[in-house]
Amino acid sequence: MNQYDWIQKECAELEQADLLRHLRTLMSPPDNTITIDGRYVVNFGSNNYLGLSTHERVIATAASATCVFGTGASGSRLMSGNSYHYEALETNLAEIKGTESALVFSSGYATNISIIPVLAGEGDLILSDALNHASIIDGCRLSRATKEVYRHCDVEHLKELLSKSSDFRRRLIVTDGVFSMDGDIAPLQDIYEVATNFGAMLLVDDAHGFGVLGRGGSGTVAHCGLKGKNIIEMGTLSKAVGGLGGYVAGSRALIELLINRARGFIFTTGLPPGTVAAADKALKVMRSSSNLRKRLLEHAETVRNALTNIGYTLLPSQTQILPVILGEPQHATEVAEALLANDVYAPAIRPPAVPAGTSRLRVTVMATHTDTDIEHALDGFANVYSHKLQ
Ligand SMILES: Cc1ncc(COP(=O)(O)O)c(C=O)c1O
């Protein structure tokens, strides 16, 4: 026995419960088709929704910025790491979101765990949707505010909790715009109305709506007709934008306060200049590529209908994220492995990423999938269904 034996024991317990995760090795760019663990397969497991991480002009921008400015920022943004590329990117983000200002962080996760503790602290109340992303949950924990979880997308429950909240100093409602594991869209119009009536702040995490929904891909808030309203938006540059980084869009005063208080902004190195420049270029491509968005959502519709017709149980998503519910973790991993053997990569998602009993495949389509990719993948799904699920 030594003081580290518990580590192996915990891993064994996870394995026993079919909850042990393993890293898979990607040997190709994150495109419509990939080589993963030595297999060439259709990629139904990527957040590179528009294919921008391998877009020619985006790569060329990243390469030239890297050649001139080097591979790293070498300091935090408040010290020496604020390369001039940030200014263009943040101006671009604020314009897309229709806000006074925007601020870029090193990831979406870093954004949520940094901004929530600035927006709420001891004596405040955070109202959080039951299916919010882990980074929101962690941000709430770090804030030391009181947290109440409202039932998923249940505005009546939110109202009920708010009606008992007058003792708190400030109230913050926080919700995913598009839910990351379910693909449904938060009822933002109703939530905004409730927030306004109760004088509560509203923070929307648009990680999966940005680049996909709304005019020019401006996101879920715009999609719900709320662009320009008093809503704080955060999101990520790592999904439809195809790179890395997170952002907040809001008032000039908010951004000023975050620069001074958000610990995950202050105490970390800035992003590499090539990454910042690439995100700015990707946003420009994204805004002018309504054909990519259209194709993405058409693919989602095709795959949703086909999987349902084969016999799979899907949650009612309205976006490019298609959750195929399988139940127990072991079942989800078995089906994912069978799909891989049929040249389709669709990752199994198990607790704690999703509630117990709802392990699933998180199928995501990309605008860059060809019709042949989709046909091939659907053949794989049909084959696995007839052998494993019928
Ligand atoms: C809803 C949501 N918020 C935040 C994040 C974190 O973003 P990033 O991957 O850029 O850290 C994710 C990533 O999966 C997400 O799904």
Side-chain angles (χ1 to χ4, degrees), residues 21 23 26 30 45-50 52-53 89 93 97 102-117 119 126 128-142 149 152-153 172-186 188 191 202-213 219-221 223 231-249 262-265 268-272 275-276 278-279 282-283 286 315 317-323 347-350 352-355 360 362-364 366:
R21 294 168 160 90
L23 291 172
L26 195 71
S46 176
N47 294 324
N48 180 21
Y49 302 127
L50 302 177
L52 295 185
S53 49
L89 175 59
L93 280 165
K97 292 294 185 182
L103 187 68
V104 169
F105 291 68
S106 54
S107 73
Y109 182 87
T111 308
N112 272 333
I113 63 164
S114 307
I115 64 171
I116 294 173
L119 294 170
I126 301 176
S128 179
D129 187 287
L131 296 187
N132 275 344
H133 188 257
S135 55
I136 295 177
I137 296 170
D138 294 353
C140 294
R141 286 178 183 152
L142 279 171
V149 175
H152 179 52
C153 289
L172 170 68
I173 303 168
V174 55
T175 179
D176 282 13
V178 170
F179 286 86
S180 56
M181 294 298 154
D182 290 54
D184 53 342
I185 300 174
L188 288 186
I191 294 175
L202 174 56
L203 170 63
V204 176
D205 176 336
D206 204 22
H208 298 277
F210 192 45
V212 175
L213 300 176
T220 318
V221 167
H223 171 80
I231 295 172
I232 301 169
E233 284 192 65
M234 68 73 60
T236 164
L237 304 167
S238 65
K239 307 200 190 299
V241 185
L244 180 67
Y247 65 83
V248 182
R263 294 173 65 82
F265 177 84
T268 196
T269 299
L271 287 165
T275 302
V276 183
L283 288 184
M286 176 190 105
L315 291 180
S317 100
Q318 297 122 281
T319 61
Q320 72 284 4
I321 300 167
L322 307 168
I349 310 289
R350 296 167 283 170
V354 292
R360 65 194 68 184
R362 180 180 184 269
V363 172
T364 49
M366 296 170 67

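Read the numbers this way: they start at 1 and go in the same order the structure lists the ligands and their atoms. Numbers here simply count residues along the sequence, with the first being 1. Note that the structure is a prediction, hence the values are computed from the model and not measured.
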Hey, is CZ on R21 packed in by over 12 heavy atoms from elsewhere, all under 6.0 Å? yes
Note every protein N or O atom lying under 3.5 Å from an N or O atom of ligand 1, pairing the names and giving the distance.
from     : atom 1 : to   : atom 2 : distance (Å)
ligand 1 : 3 (N)  : D205 : OD1    : 3.4
ligand 1 : 3 (N)  : D205 : OD2    : 2.6
ligand 1 : 9 (O)  : K239 : NZ     : 3.4
ligand 1 : 10 (O) : G108 : N      : 2.9
ligand 1 : 10 (O) : T236 : OG1    : 2.8
ligand 1 : 10 (O) : S238 : OG     : 2.9
ligand 1 : 11 (O) : G108 : N      : 3.2
ligand 1 : 11 (O) : Y109 : N      : 2.8
ligand 1 : 14 (O) : H133 : NE2    : 3.3
ligand 1 : 14 (O) : K239 : NZ     : 3.0
ligand 1 : 16 (O) : H208 : NE2    : 2.6

side-chain hydrogen bond (donor to acceptor under 3.5 Å, both in side chains) filter on S180, not counting sequence neighbours, yields none
Would you list the atom pairs, donor with acceptor, under 3.5 Å between side chains in residues 107-115 and any protein atom, with sequence neighbours excluded?
from : atom 1 : to   : atom 2 : distance (Å)
S107 : OG     : Y109 : N      : 3.3
S107 : OG     : A110 : N      : 2.9
Y109 : OH     : D138 : OD2    : 2.7
T111 : OG1    : S107 : O      : 2.6
N112 : ND2    : S135 : OG     : 3.0
N112 : ND2    : D205 : OD2    : 3.0
S114 : OG     : A110 : O      : 2.4
S114 : OG     : G264 : N      : 3.2

Between Q320 (side chain only) and N47 (backbone N and O only), is there a donor and an acceptor less than 3.5 Å apart? no
Residue list, side-chain contact (heavy atoms from CB on, under 4.5 Å) with S53, at least two apart or on another chain: P30, N48
Which heavy atom in K97 sits nearest to a heavy atom in D206, and how many Å separate them? NZ-OD2, 3.1 Å
